[in-house]
Amino acid sequence: MGKLPKYFYQREDVLKIAHELLGKLLVTNFDGLRTSGRIVECEAYAGTGDRASHVYGGRRTTRVEPMYAAGGIAYVYLCYGIHHLFNVVTNVAGTPHAVLIRGIEPVEGIDMMQLRTPSRHIYQLGKGPGKLTRALGIHTIHSGYNLQSRELHLYDDGFVYPENKIIRSPRIGVDYAGDDALLPYRFSIEGNKSVSK
DNA sequence: TATAAGATTTACT
DNA sequence: GTAAATCTTATAT
């Protein structure tokens with residue numbers, strides 16, 4: 001129970017962390033408005049050797065710099081000029097692992113989420129990496145943000161999905177990554193309405 | 001400086 | 001099913 005502590009993020013195995021993030025709450029508290037959702041879909045990006053990652057080959061730019069910091073902060077970037085994608089940075093400083101959050105099931109502040117997005121159906125609000133950031137109010141200015149903060153953090157409320165509901169599959173939208181696109185680094189909840197297609 | 005492409009979503013044919 | 005929206009980064013002039 002409680003906020004996920006720093007050591008949760010700074011462990012070595014990013015696949016294990018991605019797996020354990022399912023069922024946790026992603027909480028934002030911007031401008032005094034609390035919104036949260038339960039994570040039902042995420043993907044692991046395993047550092048400089050992973051062709052699907054922005055840090056493949058040791059690439060180091062202003063954009064990806066937060067990934068090289070110690071785990072427990074956010075990495076947010078703009079995709080296709082429109083969508084903000086939210087990642088949790090894991091592992092220790094200098095090892096740029098991350099977990100992309102791809103789907104959440106809205107829990108708190110659903111009215112606020114509906115104001116932020118044109119979608120009306122609850123299960124559509126957090127279905128897809130670009131949509132959940134809009135529903136929660138996350139933008140690129142939050143890249144590098146500390147996940148121990150009141151405004152942005154992950155929370156364990158004790159909820160656990162049964163192991164037989166968790167699906168491992170290849171990552172989405174990373175065809176450019178060659179063989180690495182086939183790795184089963186995606187974790188999702190079977191049958192959940194907030195999992196993207 | 002210029003150009004292409006991207007961890008996506010939505011609207012339209 | 002196809003295409004447009006829209007902007008930062010990476011690679012090339």
Cation-pi, A/Tyr185 ring and A/Arg171 (6.0 angstrom, 45 degrees): no
NZ or CZ of A/Arg11 within 45° of A/Tyr7 ring axis and under 6.0 Å: no
Whole-Å P distance, B/dA5 and C/dA3: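 Approximately 15 Å lies between the P atom of B/dA5 and that of C/dA3.
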Integer angstrom distance from the P of C/dA4 to that of B/dA4: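 The same atom, P, in both gives a distance of 16 Å.
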Presence of A/Lys131 side-chain N/O under 4.0 Å of B/dT10 phosphate oxygens OP1/OP2: yes
Phosphate contact (B/dT9 OP1 or OP2) by A/Arg134 side-chain N/O below 4.0 Å: no
N/O donor-acceptor pair under 3.5 Å between [X] side chain and [Y] backbone:
X: A/Thr28; Y: A/Phe30; answer: no
X: A/Asp180; Y: A/Arg51; answer: yes
X: A/Glu41; Y: A/Ser196; answer: yes
X: A/Lys165; Y: A/Ile189; answer: no

Expressed in angstrom and rounded to an integer, what is the separation of [X] atom [atom1] from [N] atom [atom2]?
X: A/His97; N: B/dA7; atom1: NE2; atom2: P; value: 18 Å
X: A/Leu182; N: B/dA7; atom1: CG; atom2: P; value: 16 Å
X: A/Glu41; N: B/dA7; atom1: CD; atom2: P; value: 16 Å
X: A/Phe86; N: B/dT9; atom1: CZ; atom2: C1'; value: 20 Å
X: A/Gln124; N: B/dA11; atom1: CD; atom2: C1'; value: 15 Å
X: A/Asp175; N: B/dA7; atom1: CG; atom2: P; value: 10 Å
X: A/Glu43; N: B/dT8; atom1: CD; atom2: C1'; value: 12 Å
X: A/Ile82; N: B/dT10; atom1: CD1; atom2: P; value: 10 Å

DNA chain C: 5'-most and 3'-most nucleotides touching chain A, 4.0 angstrom heavy-atom criterion: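 Contact boundaries, 5' end first: C/dA5 to C/dA10.
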Aromatic ring pairing A/His84/A/His139, orientation class (parallel under 30°, perpendicular over 60°, tilted between): perpendicular
Geometric class of the A/His54/A/Tyr75 ring pair [parallel <30°, tilted 30-60°, perpendicular >60°]: perpendicular
Distance-only donor-acceptor test, A/His83 side-chain atoms vs B/dA7 base atoms, 3.5 Å: no
pi-stack flag for A/Tyr176 and B/dG6, centroid dist under 5.5 Å, interplanar under 30°: no
Pairing pattern in dot-bracket form [Watson-Crick, G-U; both distances under 3.5 Å; | = partner strand] for DNA chain B: ||||||.|||||.
From CD1 (A/Ile17) to CZ (A/Phe8), nearest 0.5 Å: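 Reported value, rounded in 0.5 Å steps: 6.0 Å.
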Touch class at under 4.0 angstrom, heavy-atom based, for A/Arg171 against every strand present: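 Result for A/Arg171 = nothing.
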4.5 Å side-chain heavy-atom contact, A/Ile122 and A/Gln114: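 Side chain of A/Ile122 against side chain of A/Gln114, heavy atoms only: contact under 4.5 Å found.
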